[in-house]
Amino acid sequence: MAVRRIASADIQPKDFAFTADNLAWSRTEIAKYPEGRQDSAVIALLWRAQEQSGGWLPEPAIRYVAGLLGLAHIRALEIATFYTMFNLAPVGRHYIQLCGTTPCVLRGAEDIRQVCRERIGPEGHVTADGTFSWIEVECLGACVNAPMVQINADFYEDLTPENFSRVLDELAAGRTPKPGPQIDRQLSAPVGGPTTLKSLSKAD
């Protein structure tokens with residue numbers, strides 16, 4: 001696995017603290033664990049800190065979570081830099097994770113990657129207006145609907161350069177495109193509808 005480092009000091013915020021709602025949530029989360037095991041909540045709290053920070057995890061947020069849990073800062077830092085779900089540098093408001101695993105590649109992920117390069121820039125780059133950034137990831141779990149991307153919490157599947165560009169256009173305009181298959185397919189059902197068990201007749 002490649003070395004993961006926190007972003008440079010010049011883009012780090014000076015400090016971090018949970019909002020009142022997130023602090024109340026974190027206390028509930030910590031209380032789920034027995035006395036002496038509160039640090040088991042570290043991943044959940046880091047994730048909430050990342051959400052509050054706009055999709056990335058600043059170093060002061062890592063330090064803050066460690067303090068809440070009575071955890072050595074280095075321990076929280078080790079966790080944040082190990083798990084790729086934590087973004088250690090700023091990302092766009094619409095953070096695109098492009099699946100680059102074999103089924104998606106075979107079904108056209110390279111074409112989707114090219115759209116990302118042309119519309120957004122190189123991998124990891126945030127557009128000047130802060131709207132988009134993208135990264136290639138491993139399997140996102142919808143191989144039958146390949147190629148696909150995850151944008152923030154939503155999945156967009158059965159992509160072509162044309163329909164993926166439309167998704168980006170909608171997001172850029174401040175609208176939320178319908179997630180799921182971008183072709184005439186119901187969820188993960190066969191394209192064109194059912195191909196087997198079409199009749200309920202016992203004779204058939």
Apply the test side chain to side chain contact (heavy atoms under 4.5 Å, CB included) to residues I79 and L46: give CA-CA distance (whole Å), side-chain angles for both, the deciding distance (0.1 Å), then the verdict.
CA-CA 9 Å; I79 292 165; L46 288 173; 3.9 Å; yes
Side chain to side chain contact (heavy atoms under 4.5 Å, CB included) between T84 and V137, worked out
CA-CA 9 Å; T84 57; V137 298; over 6 Å; no
Go through I30 and L69 one step at a time and tell me if the side chain to side chain contact (heavy atoms under 4.5 Å, CB included) criterion holds.
CA-CA 8 Å; I30 293 167; L69 296 171; 3.7 Å; yes
Between I96 and N152, is a side chain to side chain contact (heavy atoms under 4.5 Å, CB included) present by the stated rule, with each step listed?
CA-CA 7 Å; I96 300 165; N152 296 344; over 6 Å; no
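Contact of the M148 side chain with the C104 side chain is registered, since non-hydrogen atoms from C-beta on lie closer than 4.5 Å. Proximity of D184 to V191: side-chain heavy atoms (C-beta onward) are nowhere separated by under 4.5 Å. Using a 4.5 Å cut-off on side-chain heavy atoms (C-beta onward), W134 and R113 make contact.
Checked against a 6.0 Å centroid threshold, the rings of Y156 and F164 do not count as neighbours.
With sequence neighbours left out, the ring-ring contact (aromatic ring centres under 6.0 Å, His included) criterion links F132 to H94.
Note that the CD1 atom of I43 and the CZ atom of R48 stand 15.0 Å from one another [nearest 0.5 Å].
At a threshold of 4.0 Å, the pair R5-E59 does not count as salt-bridged, since none of the basic side-chain nitrogens sits closer than that to a carboxylate oxygen. Using a cutoff of 4.0 Å between basic side-chain nitrogens and carboxylate oxygens, D169 and R119 are scored as salt-bridged.
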